[in-house]
Amino acid sequence: MHTLLEQEIIARYFSRHSAGGNVEIGIGDDAAVVSPPDGSKLVMTVDTLNEGVHFRPGCLPEDLGHKALAVNLSDLAAMGATPLWATLSLSLPDIEHAWLEGFSRGLFSLADRYGMKIIGGDLVRGARSISIQATGYLKSACAMARAHARAGDSIYVSGTLGDAALYLELSRDTENCTVPKPDLEYLAQRLNRPQPRVEVGQEIVAFASAAIDLSDGLVLDVQRILQGSGVGARIDLEQIPLSDAMQRQWHDAKGWDQVLAGGEDYELVFTASPEHSGEIDTVRERTGCPITRIGEITPGDTLELFEAGHRYPSPGRPGFDHFA
């Protein structure tokens, strides 16, 4: 049987996005040549997923292809950017065609949803690792950042929180798991196939004062906004949106700490002046995405959590940190 060489593997699984449109030279050359939209600003981000750290051995390749791109799109969404291009660096211990077919299917399915092109990358032998650099653009001069929240702003979050972290916890002991299959499947999808809130980011960029994507946990990511902006915040736990599956399985969750610090949500948290509440209602209607007010920005530099009007202690581990 003929063993495919590196270039043949790239051609078979990753060259479906060739040059065209604003891509003058795409996959197949030493580097890509692109033309950004006139008058726009480029927004760039990069994320790496390592086997054993970000995903477990045996993770479905189609899910992995989706998630590897989704985490980058979530970063672009937090800046209010429209996706354009991505490059992929893929390290594999060996060539498994079924794995490559599934991975590329998940990757391109999500890329096609946003009209995004994969324009280049690298393929090497080694421990399984996936790095994607994504580029988007801003249609106007405004961009969201972490450093512009102001006292009096409301704090909002998209979607629901804690689902992915709950599934991670449940999957540690599958033999004794009593969660009904529909709920378990829903929670698994929230971990394995996060839905980047690109449309929400594109809408709120016109008026949000600060934003961040929720990847490492609500407490840790909100603190990053507070540190950047030099402000404090109050969050009311009863206002945090929870999915129906999470509410039904609350007894299996580790209480609020899992919701506050579990991470892997890939939702957006953003701040905006109360005067924009009507515009946020419009964003909900246009995008079909739940957006919930969970608190407000305060003077000072402290994040305070409240449950039923009483102070709730901050989790001992505020979120995920590779080097904690």
Side-chain angles (χ1 to χ4, degrees), residues 22 36-45 47 66-67 69-86 109-117 134-150 152-161 163 190 193-215 218 221-222 224-225 228-229 233 235 239-243 265-297:
N22 53 19
D38 291 341
S40 65
K41 292 185 178 180
L42 294 182
V43 181
M44 290 177 280
T45 184
D47 266 296
H66 172 101
K67 187 168 184 176
L69 183 58
V71 300
N72 282 272
L73 289 173
S74 186
D75 284 332
L76 292 181
M79 305 300 292
T82 297
L84 275 174
W85 317 298
S109 176
L110 186 58
D112 290 343
R113 186 190 306 176
Y114 293 103
M116 194 176 200
K117 288 193 173 184
T135 301
Y137 74 98
L138 291 169
K139 300 177 182 178
S140 63
C142 58
M144 295 182 291
R146 304 177 184 181
H148 299 146
R150 298 178 293 270
D153 284 352
S154 295
I155 304 172
Y156 295 90
V157 67
S158 68
T160 59
L161 305 188
D163 297 318
R190 293 284 287 147
R193 285 183 171 256
Q195 300 303 311
R197 302 302 185 179
V198 174
E199 295 86 354
V200 173
Q202 291 169 332
E203 294 277 352
I204 65 174
V205 68
F207 57 82
S209 51
I212 191 171
D213 97 301
L214 288 178
S215 55
L218 180 65
D221 287 327
V222 167
R224 287 166 174 157
I225 289 179
S229 302
I235 290 178
Q239 301 304 314
I240 294 176
L242 304 177
S243 68
D265 295 304
Y266 295 104
E267 296 290 349
L268 297 183
V269 62
F270 66 94
T271 61
S273 170
E275 67 187 33
H276 294 297
S277 60
E279 291 160 278
I280 291 170
D281 290 339
T282 300
V283 174
R284 286 192 196 96
E285 294 173 6
R286 285 180 179 172
T287 64
C289 177
I291 299 175
T292 308
R293 185 186 184 277
I294 62 171
E296 65 179 352
I297 297 297

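Nearest approach of L42 to P36, heavy atoms of both residues: CD2-CB, 3.7 Å. Closest approach of A208 and A272 over heavy atoms only: CA-CB, 4.3 Å. Heavy-atom minimum distance, V71 versus D47: O-OD2, 3.7 Å. The minimum heavy-atom distance linking G159 with C289 is given by the pair N-SG, 3.9 Å. Of all non-hydrogen atoms in D163 and S243, the two that sit nearest each other are OD1-OG, 2.6 Å. For the pair A211 and F270, the tightest heavy-atom approach, listed with the atom from each and the gap, is CB-CB, 3.8 Å.
Judged by distance alone, with hydrogens and angles left aside, the side-chain atoms of S74 form no donor-acceptor pair with the main-chain N or O of R197 at under 3.5 Å. Side chain of T287 to backbone of V200: no donor-acceptor contact under 3.5 angstrom is found. Side chain of T271 to backbone of A210: a donor-acceptor contact under 3.5 angstrom is found. With hydrogens and angles disregarded, a donor-acceptor distance shorter than 3.5 Å links the side chain of H66 to the backbone of P194. At distances below 3.5 Å, at least one donor-acceptor pair connects side-chain atoms of S229 with backbone N or O atoms of H148.
Taking the charged nitrogens against the carboxylate oxygens, R286 and E279 have no contact shorter than 4.0 Å, which rules out a salt bridge.
The shortest side-chain heavy-atom distance between E199 and Y114 falls under the 4.5 Å cut-off. I240 places none of its side-chain heavy atoms less than 4.5 Å from the side chain of V157.
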Checklist entry - Could you go step by step and tell me if E275 and F207 meet the side chain to side chain contact (heavy atoms under 4.5 Å, CB included) rule? => result CA-CA 10 Å; E275 67 187 33; F207 57 82; over 6 Å; no
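Side chains of T292 and Q239: a donor-acceptor N/O pair is absent below 3.5 angstrom, by distance only. Looking at S209 and R150, their side chains never bring a donor and an acceptor atom within 3.5 Å of each other.
Rounding to the nearest 0.5 angstrom, the gap separating the OG1 atom in T82 from the NZ atom in K139 is 4.0 Å. Here I155 contributes atom CD1 and I294 contributes atom CD1; the two are 6.0 Å apart, rounded to the nearest 0.5 Å. Taking CG of D213 as the start and CG of L76 as the end, the distance is 10.0 Å to the nearest 0.5 Å. The CD1 atom of I235 sits 4.5 Å away from the CG atom of L218 when rounded to the nearest 0.5 Å. Here the CG atom belonging to L73 is positioned 10.5 Å from the CD atom belonging to Q195, to the nearest 0.5 angstrom. Residue I280 holds its CD1 atom at 11.5 Å from CD of E203, rounded to the nearest 0.5 Å.
When each of L110, L84, V198, L69 is tested with M116 by the rule side chain to side chain contact (heavy atoms under 4.5 Å, CB included), just one qualifies, namely L69. The side chain to side chain contact (heavy atoms under 4.5 Å, CB included) test with I212 singles out one residue from M79, M144, R224, and that residue is R224.
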